[in-house]
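Before any comments, here is the structure.
Computed from heavy atoms alone, side chains included, the values below leave out hydrogens, waters and symmetry copies.
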Amino acid sequence: MDDLNQDPVTLHVDDRGGSGRPVVLIHGWPLSSEAWAHQVPALMGAGYRVITYDRRGFGRSDKTGTRYDYDALADDLAGILDGLDLRDVTLVGFSMGGGEVARYISRHGQDRLRSIVFAAAVPPFMLRTPDNPEGPLTQAAVADMEQSLREDRTAFFEEFTTGFFSTDEGLMVGEQDLQDAVALCHQSDQAAALGCMKAFGMTDFRDDLPGIAVPVLVLHGSGDRTVPFEGSGARTHRTVPGSELVVIGGAPHGLNVSHAQAFNAALIAFLAK
């Protein structure tokens with residue numbers, strides 16, 4: 001294992017406090033913790049202590065880091081749990097955030113955890129390779145995304161967020177939700193956006209998942225075109241024995257916004273167990 005905190009940064013953390021069990025929400029790429037706006041009030045209303053944070057290089061967190069691999073990102077998460085001395089925690093990893101959850105467990109163990117949620121999450125392994133033919137992301141797509149982000153951030157973010165909230169039936173959110181997401185994208189540091197793009201697209205979590213020993217919810221939209229269910233959530237569910245699966249019909253990748261009521265209901269029902 002690498003030494004921890006090799007590339008320290010200061011993260012923006014919002015801890016709502018309270019005496020309820022802690023729930024840590026880990027946002028997707030290239031957004032920030034503000035993407036959880038539909039979940040925070042619902043979880044607080046259900047009695048939970050809600051903690052959100054901006055990933056290094058995104059939102060209001062430091063943009064001075066140089067490492068964006070999942071070992072560094074998982075160590076950032078560990079620093080938050082240790083610093084707040086959180087125990088009996090549920091980690092909710094959305095999209096890229098699911099990778100932090102998987103890597104946190106393999107690097108830092110499960111002593112602090114009660115349960116975990118993989119929401120539209122990238123594990124087990126997005127990249128399509130000879131030994132991972134089910135991977136939904138091709139090398140050509142990775143190269144195209146990187147080139148597009150380098151050449152024109154504005155155009156890339158507008159196209160990406162449209163896909164983020166769309167299914168084959170079209171856009172599933174209103175214009176305001178779309179523009180709010182674009183604005184969050186623009187808060188990202190370019191080096192962080194590129195580094196994390198590489199991390200979520202090319203990191204193999206297949207060895208991280210089998211060791212999970214706490215209850216797991218896999219929550220996904222059936223219409224997800226960004227992280228397709230069959231290549232990600234379905235495989236994670238098969239890999240983690242005893243995991244619970246909830247598929248929200250007709251929901252896109254950004255289902256926590258487009259289908260917030262169904263997302264929150266599934267999450268709160270799982271937390272209550």
Side-chain angles (χ1 to χ4, degrees), residues 4-5 8-65 72-105 107-121 177 180-181 183-184 187-188 212 214-217 219 254-257 260-273:
L4 303 186
N5 301 318
V9 298
T10 300
L11 301 178
H12 178 91
V13 180
D14 286 312
D15 178 6
R16 278 78 181 177
S19 59
R21 293 204 321 267
V23 179
V24 178
L25 304 176
I26 308 164
H27 67 84
W29 179 95
L31 305 172
S32 77
S33 59
E34 293 182 61
W36 291 111
H38 293 280
Q39 281 65 57
V40 170
L43 291 170
M44 292 179 65
Y48 295 98
R49 175 183 175 184
V50 182
I51 297 96
T52 60
Y53 70 96
D54 295 345
R55 184 178 288 109
R56 57 167 59 207
F58 296 82
R60 294 150 290 180
S61 286
D62 273 2
K63 297 176 172 63
T64 58
L73 300 177
D75 293 349
D76 287 345
L77 173 58
I80 294 170
L81 269 59
D82 294 348
L84 295 174
D85 194 25
L86 299 177
R87 300 181 184 278
D88 203 26
V89 181
T90 297
L91 299 179
V92 182
F94 175 81
S95 192
M96 178 177 187
E100 268 112 323
V101 173
R103 188 55 50 87
Y104 170 87
I105 287 172
R107 282 179 72 78
H108 299 280
Q110 301 168 69
D111 291 347
R112 291 186 177 275
L113 304 186
R114 178 188 181 93
S115 57
I116 61 177
V117 179
F118 290 111
D177 284 327
D180 288 347
L184 295 185
Q187 294 178 13
S188 66
I212 296 174
V214 296
V216 173
L217 170 64
L219 179 57
L255 73 170
N256 66 309
V257 175
Q261 185 174 358
F263 184 100
N264 294 348
L267 177 57
I268 291 170
F270 175 71
L271 290 171
K273 294 180 179 179

Once rounded to the nearest 0.5 Å, what's the spacing between atom [atom1] of [X] and atom [atom2] of [Y]?
X: Asp76; Y: Arg56; atom1: CG; atom2: CZ; value: 4.0 Å
X: Phe118; Y: Leu219; atom1: CZ; atom2: CG; value: 12.5 Å
X: Ser115; Y: Leu91; atom1: OG; atom2: CG; value: 8.0 Å
X: Ile51; Y: Asp14; atom1: CD1; atom2: CG; value: 10.0 Å
X: Arg107; Y: Asp75; atom1: CZ; atom2: CG; value: 4.0 Å

For [X] and [Y], which heavy atoms make the closest approach, and how far apart are they?
X: Met96; Y: Trp29; answer: SD-CB, 3.8 Å
X: Gly28; Y: Ser95; answer: CA-CB, 4.2 Å
X: Leu77; Y: Glu100; answer: CD2-O, 4.1 Å
X: Gln39; Y: Leu25; answer: CB-CD1, 4.3 Å
X: Leu31; Y: Ala181; answer: CD2-O, 3.6 Å
X: Asp88; Y: Pro22; answer: O-CD, 3.8 Å

[X] side chain to [Y] main-chain N or O, any donor-acceptor pair under 3.5 Å?
X: Asp54; Y: Arg60; result: yes
X: Arg114; Y: Arg21; result: no
X: Arg55; Y: His27; result: yes
X: Gln187; Y: Ser32; result: no
X: Asn264; Y: His38; result: yes

Parallel, tilted or perpendicular: rings of Phe94 and Trp36 (30°, 60°):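 If you compare the ring of Trp36 with that of Phe94, the planes turn out perpendicular.
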
From CA spacing to verdict: side chain to side chain contact (heavy atoms under 4.5 Å, CB included), Asp82, Arg112: CA-CA 9 Å; Asp82 294 348; Arg112 291 186 177 275; 2.9 Å; yes

Side chain to side chain contact (heavy atoms under 4.5 Å, CB included) evaluation trace for Asp15 with Tyr53: CA-CA 9 Å; Asp15 178 6; Tyr53 70 96; over 6 Å; no

Worked verdict on Ile105 versus Leu113 for side chain to side chain contact (heavy atoms under 4.5 Å, CB included): CA-CA 9 Å; Ile105 287 172; Leu113 304 186; 3.8 Å; yes

Salt bridge present between Arg87 and Asp111 (N-O < 4.0 angstrom):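 Looking at Arg87 and Asp111, the cut-off is not met.
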
Intermediate values then yes/no, side chain to side chain contact (heavy atoms under 4.5 Å, CB included), Leu267 and Tyr48: CA-CA 12 Å; Leu267 177 57; Tyr48 295 98; over 6 Å; no

Test side chain to side chain contact (heavy atoms under 4.5 Å, CB included) applied to Val24 and Ile116, Leu86, Val92, Leu84, the passing residue: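 So, applying the side chain to side chain contact (heavy atoms under 4.5 Å, CB included) to Val24 and each of Ile116, Leu86, Val92, Leu84, only Leu86 qualifies.
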
